[in-house]
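Only one structure is covered here, and it is reproduced in the block below.
Count residues from 1 along the sequence.
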Amino acid sequence: MLKIKIQIYCGDEIAMGPGKADLLDAIAAEGSISAAGRKLGMSYRRCWLLVDVMNRCWAEPLVATSSEGARLTESGAAILTTYRGLQANMDRISTQGAAALERQLRDVPLEAQVAPSHR
């Protein structure tokens, strides 16, 4: 099985990856960080920390909050759309090469070999 994921870094932080994109989708659908967390099975604190990283890493915040909930900003929606496009393109590209790699891949790894001791 071939799995390729796209992660975009800002320094040592992951500014965008599959999980953060899923969180943005959930915020857009649910209208709040807490409801998005429930939908994804994540704590509010974990969701808030991910939103905070995204908002600090991009030129403009991706999520805006208010007393009425949360929503994606224009930048947030545009970055999410671009990221999802990258994922779709990568899926198409990786499908072409995956078959050739999978033909060479064992179903399970061989037993580990113990290195001989050196004296």
Side-chain angles (χ1 to χ4, degrees):
M1 178 175 107
L2 176 67
K3 178 181 179 182
I4 298 174
K5 65 180 177 179
I6 299 169
Q7 292 180 321
I8 301 169
Y9 280 81
C10 171
D12 291 336
E13 297 278 6
I14 299 172
M16 182 61 64
K20 287 185 172 91
D22 291 345
L23 177 57
L24 291 179
D25 279 331
I27 290 169
E30 301 297 321
S32 81
I33 293 172
S34 58
R38 285 191 296 276
K39 182 177 184 174
L40 297 174
M42 296 169 60
S43 71
Y44 172 81
R45 177 169 168 68
R46 178 72 180 136
C47 291
W48 177 252
L49 291 172
L50 295 173
V51 166
D52 182 57
V53 167
M54 288 186 283
N55 281 350
R56 289 185 295 109
C57 284
W58 295 94
E60 296 179 20
L62 304 191
V63 176
T65 59
S66 70
S67 61
E68 297 168 5
R71 63 173 179 76
L72 300 189
T73 63
E74 285 185 32
S75 286
I79 287 169
L80 178 60
T81 298
T82 302
Y83 180 81
R84 291 299 193 201
L86 282 172
Q87 283 184 309
N89 288 336
M90 185 57 67
D91 287 346
R92 281 193 295 279
I93 292 167
S94 65
T95 299
Q96 297 166 1
L101 291 174
E102 288 175 347
R103 285 192 295 274
Q104 300 294 320
L105 190 64
R106 298 177 188 276
D107 290 333
V108 294
L110 296 174
E111 293 293 321
Q113 295 182 10
V114 178
S117 61
H118 288 60
R119 290 188 169 203

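At least one side-chain heavy atom of Ile8 sits under 4.5 Å from a side-chain heavy atom of Tyr83. In this structure the side chain of Gln87 never reaches within 4.5 angstrom of the side chain of Met90, judged on heavy atoms. Residues Leu24 and Met54 are in side-chain contact: their nearest non-hydrogen atoms beyond the backbone lie under 4.5 Å apart. Between Thr65 and Trp48, some side-chain heavy-atom pair lies under the 4.5 Å cut-off. Residues Thr73 and Val63 fail the side-chain proximity criterion, which asks for heavy atoms closer than 4.5 Å.
In this structure a side-chain-to-backbone donor-acceptor pair under 3.5 Å is present from Lys20 to Ile14.
In this structure, Glu74 CD and Ile79 CD1 are separated by 12.0 Å, a value rounded to the nearest 0.5 Å. The CD1 atom of Ile33 sits 13.0 Å away from the CZ atom of Arg45 when rounded to the nearest 0.5 Å. In this structure, Glu102 CD and Asp107 CG are separated by 10.5 Å, a value rounded to the nearest 0.5 Å. Note that CG of Asn89 and CZ of Arg92 are 4.5 Å apart. Values are rounded to the nearest 0.5 Å.
For the residue pair Ser75 and Glu60, the shortest heavy atom distance occurs at OG-OE1, 2.9 Å. Taking every heavy atom of both residues into account, Glu13 and Cys57 meet most closely at CB-SG, 3.9 Å. Contact between Cys10 and Ala15 at its shortest, heavy atoms only, is CB-CB, 4.0 Å. Among all heavy-atom pairs drawn from Ile27 and Val51, the shortest one is CD1-CG2, 3.7 Å.
Evaluation of the salt bridge (Lys or Arg N to Asp or Glu O under 4.0 Å) rule for Asp91 yields no partner, not counting sequence neighbours.
Clustering ILVMFWY residues whenever any of their side-chain heavy atoms sit less than 4.5 angstrom apart, transitively, puts Leu49 in a cluster other than the one holding Trp58. Hydrophobic cluster membership differs between Leu80 and Tyr9, with clusters built from Ile, Leu, Val, Met, Phe, Trp and Tyr side chains linked at under 4.5 angstrom. Leu40 and Val53 sit in two unconnected hydrophobic clusters of ILVMFWY residues. Membership requires side-chain heavy atoms under 4.5 Å apart, directly or through other members.
Residue Arg46 places its CZ atom among 12 or fewer non-hydrogen atoms of other residues, nucleotides or ligands, all under 6.0 Å distant.
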